[in-house]
K.L.:
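The structure follows.
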Amino acid sequence: ACRSSDAEAKGAAIERWFRRCEASGSSPNIKTFNILMNAAANRNDLNATEHWFQVALTKGIQPDSAMLTLLLTMLLQNGDEVAASRWYSAAKQRSVRLTNSSLAG
């Protein structure tokens, strides 16, 4: 339980940081979202990883191979094969090359 609340606190702190950056006029870019998604993945927080991916899309960010590979890896590690298949198909349609050879096959 302590570890879970620790992860939630870190996630909330990251969300506050992101909102402050936006409020100050900073525009997030693909590197920003890769960092946010990696931070969520390092906490094994699938919901936050998906959240930042969705926020990136709503901000008009075109996902790159790092973002898609990270999302697919998190989905597969958490047993969500349906969502992973959907995003894999989307990646192929966008001609995004995946970085993990086990996913690119």
Side-chain angles (χ1 to χ4, degrees):
C2 186
R3 185 174 188 168
S4 177
S5 63
D6 221 21
E8 289 172 14
K10 288 178 183 176
I14 291 169
E15 184 81 32
R16 286 191 304 274
W17 171 82
F18 180 78
R19 299 294 169 219
R20 278 195 310 269
C21 287
E22 279 196 317
S24 73
S26 295
S27 296
N29 59 30
I30 197 157
K31 288 182 182 182
T32 306
F33 288 104
N34 275 317
I35 291 167
L36 293 168
M37 288 178 66
N38 271 294
N42 287 337
R43 294 189 318 274
N44 196 31
D45 188 341
L46 175 59
N47 290 333
T49 305
E50 287 184 295
H51 165 74
W52 290 118
F53 188 83
Q54 292 294 341
V55 172
L57 294 178
T58 63
K59 300 283 183 187
I61 302 293
Q62 175 68 26
D64 66 359
S65 62
M67 287 177 72
L68 285 163
T69 299
L70 179 59
L71 180 62
L72 291 173
T73 300
M74 287 293 293
L75 289 166
L76 291 170
Q77 286 175 348
N78 284 277
D80 194 343
E81 294 175 21
V82 173
S85 293
R86 185 180 73 239
W87 284 115
Y88 180 77
S89 295
K92 287 179 74 171
Q93 288 175 353
R94 295 173 188 218
S95 300
V96 176
R97 298 183 84 147
L98 300 174
T99 57
N100 186 328
S101 60
S102 65
L103 296 174

K.L.:
To check you understand the geometry: which heavy-atom pair defines the closest contact between E50 and L75, and what is its length?
P.N.:
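Shortest heavy-atom separation between E50 and L75 comes out as OE2-CD2, 3.6 Å.
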K.L.:
Hey, what do you get for CG (L71) to CH2 (W52), rounding to the nearest 0.5 Å?
P.N.:
14.5 Å
K.L.:
Measure the spacing between CG of N44 and CD of Q77 and express it to the nearest 0.5 Å.
P.N.:
7.0 Å
K.L.:
Could you name each residue pair satisfying salt bridge (Lys or Arg N to Asp or Glu O under 4.0 Å) that touches residues 69-78, not counting sequence neighbours?
P.N.:
none
K.L.:
In residues 31-41, what donor-acceptor pairs under 3.5 Å come from side-chain atoms, sequence neighbours left out?
P.N.:
residue, atom, partner, partner atom, Å
T32, OG1, N29, N, 3.2
T32, OG1, N29, OD1, 3.2
N34, OD1, M67, N, 3.4
N34, ND2, I30, O, 3.3
N34, ND2, D64, OD2, 3.3
N38, ND2, N34, O, 2.9

K.L.:
Side chains of residues 79-86: which donor-acceptor pairs under 3.5 Å do they make with residues two or more places apart or in other chains?
P.N.:
residue, atom, partner, partner atom, Å
D80, OD1, A83, N, 3.1
S85, OG, E81, O, 3.0

K.L.:
Can you run down the salt bridge (Lys or Arg N to Asp or Glu O under 4.0 Å) pairs that involve residues 36-47, sequence neighbours left out, and say none if there aren't any?
P.N.:
R43-D45
K.L.:
Mind listing the side-chain donor-acceptor pairs of residues 14-25 below 3.5 Å, one per line with the distance, residues two or more places apart or on another chain?
P.N.:
residue, atom, partner, partner atom, Å
E15, OE1, H51, NE2, 3.3
E15, OE2, R19, NE, 3.0
E15, OE2, R19, NH2, 2.6
R19, NH1, E22, OE1, 3.2
E22, OE2, K59, NZ, 2.5
S24, OG, C21, O, 2.8

K.L.:
Might you point out which heavy atoms bring A91 and L68 nearest each other, and give the distance in Å?
P.N.:
CB-CD1, 3.7 Å
K.L.:
Could you grab the distance from atom CG of L76 to atom CG of L46, nearest 0.5 Å is fine?
P.N.:
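Spacing of CG (L76) from CG (L46) equals 10.5 Å.
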K.L.:
Ignoring hydrogens and angles, tell me if any N or O in the side chain of T58 forms a donor-acceptor pair with the backbone of V55 under 3.5 Å.
P.N.:
yes
